[in-house]
Amino acid sequence: MKALIIVDVQNDFLPGGSLEVSRGDEIIPIINHIQKDYNLVVATQDWHPENHKSFASQHPEKLPFEQIDLDGLEQILWPDHCIQGSYGAEFADELNTDRIEAIFRKGMEERIDSYSGFFDNGKRKDTGLSGYLKARGVTEVHVCGLAADFCVYFTALDALTEGFKTSIISKATKAIDKGAFIEKKNNFIQNGGLLT
């Protein structure tokens, strides 16, 4: 059985949002259209406390997109985004959520970021997504959403390590940095992933 994982199609990642992905809104009609092709549809949702340590605002003298060491992990400092209960954290109004059977929230721990829908960045906490998919008999996952070079990529990479046949749906994702995504895409393919 194959499942569709919709990653972080939230207002803060869309044009006008605090961490917008250029033309990120263009993938929403595609995601809505393809949902019917899957037995199971799940979604991830960035859901940060307002004092999350991945936010540049929590580090005086630091600017967004600088890198720091956070408890032994390399951390990019982001603009405040997807704060729990905020408009920016909500799914895009245009996204059809009727077929989304389960939502897996991530990034809730104050001191560690979570790009992947499966684990936080230090693999310290499991979101339960892998167990959920396996319990439903899923053997193949297709990943779409935002952003291609971060949360989509790391979700897809972890899906591979969890034993799922995994594809990234190229037409249903957009990257923050297209150049960086090309490199990550090659790594994903070398690890056994597919691009569709």
Side-chain angles (χ1 to χ4, degrees), residues 4-28 31 42-49 52-58 62-70 73-83 88-89 91-92 95 103-109 111-125 127 129 141-162 166-191 193 195:
L4 179 67
I5 303 175
I6 302 171
V7 176
D8 300 359
V9 181
Q10 295 167 258
N11 291 319
D12 272 343
F13 298 129
L14 297 174
S18 65
L19 186 50
E20 70 173 77
V21 179
S22 178
R23 297 164 56 205
D25 54 327
E26 293 177 7
I27 67 172
I28 298 175
I31 293 172
V42 299
T44 68
Q45 187 176 27
D46 242 12
W47 197 251
H48 296 307
H52 199 267
K53 297 303 184 227
S54 71
F55 295 164
S57 64
Q58 298 298 305
K62 296 290 183 184
L63 296 171
F65 308 108
E66 284 188 42
Q67 292 193 9
I68 64 164
D69 179 282
L70 181 60
L73 294 173
E74 190 177 273
Q75 176 65 55
I76 297 170
L77 296 177
W78 304 107
D80 290 18
H81 66 279
C82 297
I83 293 169
F91 289 122
L95 179 68
I103 296 163
F104 293 83
R105 287 178 167 166
K106 59 193 183 66
M108 296 175 69
E109 300 287 333
R111 297 197 62 85
I112 191 163
D113 214 348
S114 189
Y115 299 150
S116 167
F118 289 92
F119 303 96
D120 63 49
N121 290 0
K123 297 273 198 305
R124 296 167 190 167
K125 186 177 175 183
T127 65
L129 175 56
V141 297
H142 294 180
V143 187
C144 64
L146 299 169
D149 46 336
F150 283 94
C151 296
V152 168
Y153 167 72
F154 285 102
T155 296
L157 207 57
D158 279 348
L160 284 175
T161 63
E162 287 298 296
T166 307
S167 299
I168 293 174
I169 306 171
S170 301
K171 65 184 178 183
T173 188
K174 296 277 186 193
I176 294 173
D177 180 338
K178 289 177 186 172
F181 183 53
I182 290 169
E183 194 176 312
K184 288 176 176 175
K185 200 160 53 172
N186 291 336
N187 182 56
F188 174 65
I189 291 165
Q190 286 166 8
N191 279 278
L195 292 175

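Keep in mind that what you see is a predicted model, and the values were worked out from it rather than measured.
At distances below 3.5 Å, not a single donor-acceptor pair connects side-chain atoms of S170 with backbone N or O atoms of L195. Side-chain atoms of D149 come within 3.5 Å of backbone atoms of I176 as a donor-acceptor pair (strictly under, hydrogens ignored). With hydrogens and angles ignored, the 3.5 Å screen pairs a side-chain donor or acceptor of Q10 with a backbone N or O of D46. Of the possible donor and acceptor atoms, none in the side chain of T127 sits under 3.5 Å from a partner among the backbone N and O of F119. Under the 3.5 Å distance criterion, the side-chain polar atoms of S167 are left unmatched by any main-chain donor or acceptor of H142.
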For the pair F181 and V152, evaluate side-chain contact (heavy atoms from CB on, under 4.5 Å) and give the outcome as yes or no after the intermediate values. CA-CA 10 Å; F181 183 53; V152 168; 5.8 Å; no
Decide yes or no on side-chain contact (heavy atoms from CB on, under 4.5 Å) for K185 and I168, but give the supporting numbers first. CA-CA 9 Å; K185 200 160 53 172; I168 293 174; 5.9 Å; no
Please assess L4 against C144 for the test side-chain contact (heavy atoms from CB on, under 4.5 Å), listing each intermediate value before the final yes or no. CA-CA 8 Å; L4 179 67; C144 64; 3.8 Å; yes
In sequence, state the C-alpha distance, the side-chain angles, and the governing distance for N121 and F154, and then conclude on side-chain contact (heavy atoms from CB on, under 4.5 Å). CA-CA 9 Å; N121 290 0; F154 285 102; 5.9 Å; no
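Nearest approach of P15 to G24, heavy atoms of both residues: CD-N, 4.1 Å. Pairing each heavy atom of A159 with each of T166, the nearest pair is CB-OG1, 3.4 Å. Nearest heavy-atom pair across C151 and V7 is CB-CG1, 3.6 Å. Taking each heavy atom of K174 and R23 in turn, the nearest pair found is CE-O, 3.6 Å. Heavy atoms only, all atoms of each residue included: D120 and D113 are closest at CB-O, 3.6 Å.
Rounded to the nearest 0.5 Å, atoms CG (L146) and CD1 (I6) are 11.0 Å apart. The CG atom of L73 sits 5.0 Å away from atom CD1 of I112, with the distance rounded to the nearest 0.5 Å. Once rounded to the nearest 0.5 Å, the distance linking OG1 of T161 with CZ of F118 reads 8.0 Å. In this structure, the separation between CH2 on W78 and OG on S18 is 11.5 Å, given to the nearest 0.5 Å. Of the inter-residue distances, the one linking Q45 atom CD with H48 atom NE2 reads 10.5 Å to the nearest 0.5 angstrom. Rounding to the nearest 0.5 Å gives a distance of 9.0 Å between CD1 of I182 and CG of D177.
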Scan the side chains in residues 63-70 for donor-acceptor partners under 3.5 Å anywhere in the protein, sequence neighbours excluded, and list what turns up.
unit_1	atom_1	unit_2	atom_2	d
E66	OE2	L63	N	3.0
D69	OD1	G72	N	3.1

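With contacts defined as side-chain heavy-atom distances shorter than 4.5 Å, the pair F188/L160 qualifies. Side-chain atoms of K125 and E109, non-hydrogen and from C-beta on, do get closer than 4.5 Å to each other.
Aromatic ring pairs are classed by plane angle as parallel below 30°, tilted from 30° to 60° and perpendicular above 60°; the pair Y115 and F150 is perpendicular.
Sorted by first then second residue, the salt bridge (Lys or Arg N to Asp or Glu O under 4.0 Å) pairs that include residues 8-20, not counting sequence neighbours, are D8-K106.
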